[in-house]
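Note: hydrogens, waters and symmetry copies are ignored here, and every other heavy atom, side chains too, is used. Order of appearance sets the numbers: ligands from 1, and atoms from 1 within every ligand. The first residue of the sequence shown is numbered 1, and numbering continues consecutively from there.
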Amino acid sequence: MANLVSPHGGRLLPLFVAGEERKESLEEAKLVPRVRLSSKEASDLIMLAMGAFSPLDGFLKKQDYESVVAGMRLKNGLVWPIPITLSISKEKAATIKEGQRIALVNSGNDEIMAGMLVEEKYSYDKRIEALEIFGTDDERHPGVEKIYEQGEIYLGGPVQVISEGNYPMQFAEYARPAETRALFTDRGWSTIAAFQTRNPLHRSHEYLTKIALEVCDGLFIHPVVGKLKAGDIPAEIRMECYRVLLNNYYPSDRVILKVYPMEMRYGGPKEAILHSIIRQNFGCSHMIIGRDHAGVGNYYGSFDAQSIFDELKEDDLYIKPLKLDNTFYCNKCKSMASLKTCPHGSENHLSISGTKLREILSHGERPPEEFSRPEVVDILIRYYQDEGK
Ligand SMILES: [Zn+2]
């Protein structure tokens, strides 16, 4: 009998309202003041809707916000590393009272996505949030940049979500935590390793996931499909790469591929904790944390996202990190390896930087098969050549 880990905080709390309640929420939302969501806020709202951010019941209020920023915990003591917030300008905030209901609207198409009770509005210090969460106030950091771009006032309070936007239509692999839990249970799995990704998978990633698959019942490949930073490969292309890789190189009964709509913060260690909480909600027992997880540039040490888990108490999270080293093909071992398993010097290790790989592919050239599967390479060459036109 399968036995999955409990959701964070004890139970799933999807905030999507259905049926009669949805009708009422929508009618009411048409009559109240509207607040437009940034794309980050809209994708966070959908995460709340699906229950991926359980146990949050809406955008953070002041005490929870300050507690998360200062100490990585909600005020009730539960670990929470990155605040989930809704910002508006000072001018707009002056027109909204605490205790009032508002409608949250998608900036892209003006669709009403949710109703919200504004329990609190409060100011906050952008620089302190940046420093505490990202360890830097450098606005070239894409997570910091988003904080500096947003309004000066936060609104906190519970939400009732009416729409999950286009994601369910756009992605056949869209799935909510209750659904993946049912899938895992149907397959009889109780230990499931989650793999977070925002890139096409090359042999090194494949190797990481297969190390996990050697020790767990199942593997959950869970790419982020919310808006990425410039230069990242679009979700549709990555999905093609994942599907072709899974079809050709993984046992279909041991792997599940689903997507989630969050936007990356590129927050390194703190984002590794958030990624783990999310996967615990989806039903996973283990989270693969490789080198420089969720990092960007040189803001974080290679293994910061692993060591931050050592600061947690034993029962803070039920999901456990699988801390893995950098992996590569070794010409002497004649196999995939890592610094933990290979005794040979780095001159024997096949390594291609992201920039170099982009250059090779955009010229229509192929990296060695030990670096990337040919089926994946075909898709990427097509993408870069189309992009170059
Ligand atoms: Zn070796």
Validation: residues 6-19 side-chain donor-acceptor distances under 3.5 Å, sequence neighbours left out:
from, atom 1, to, atom 2, distance (Å)
His8, NE2, Val79, O, 2.8

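Taking 2.8 Å as the limit, the number of protein N, O or S atoms around the Zn ion (ligand 1) is 4.
Salt bridge status for Glu152 with Lys90: absent, with no side-chain N to carboxylate O gap under 4.0 Å.
Legend: residues meeting ring-ring contact (aromatic ring centres under 6.0 Å, His included) with His293, ordered by chain and number and at least two apart, are His275.
Distance OH/Tyr167 to CE/Met50: 10.0 Å, rounded to 0.5 Å.
For the 3.5 Å distance criterion, the side chains of Tyr249 and Glu375 qualify, holding a donor opposite an acceptor.
A ring pair (Phe, Tyr, Trp, His ring centres under 6.0 Å) check over residues 23-47, counting only residues at least two apart or in different chains, returns nothing.
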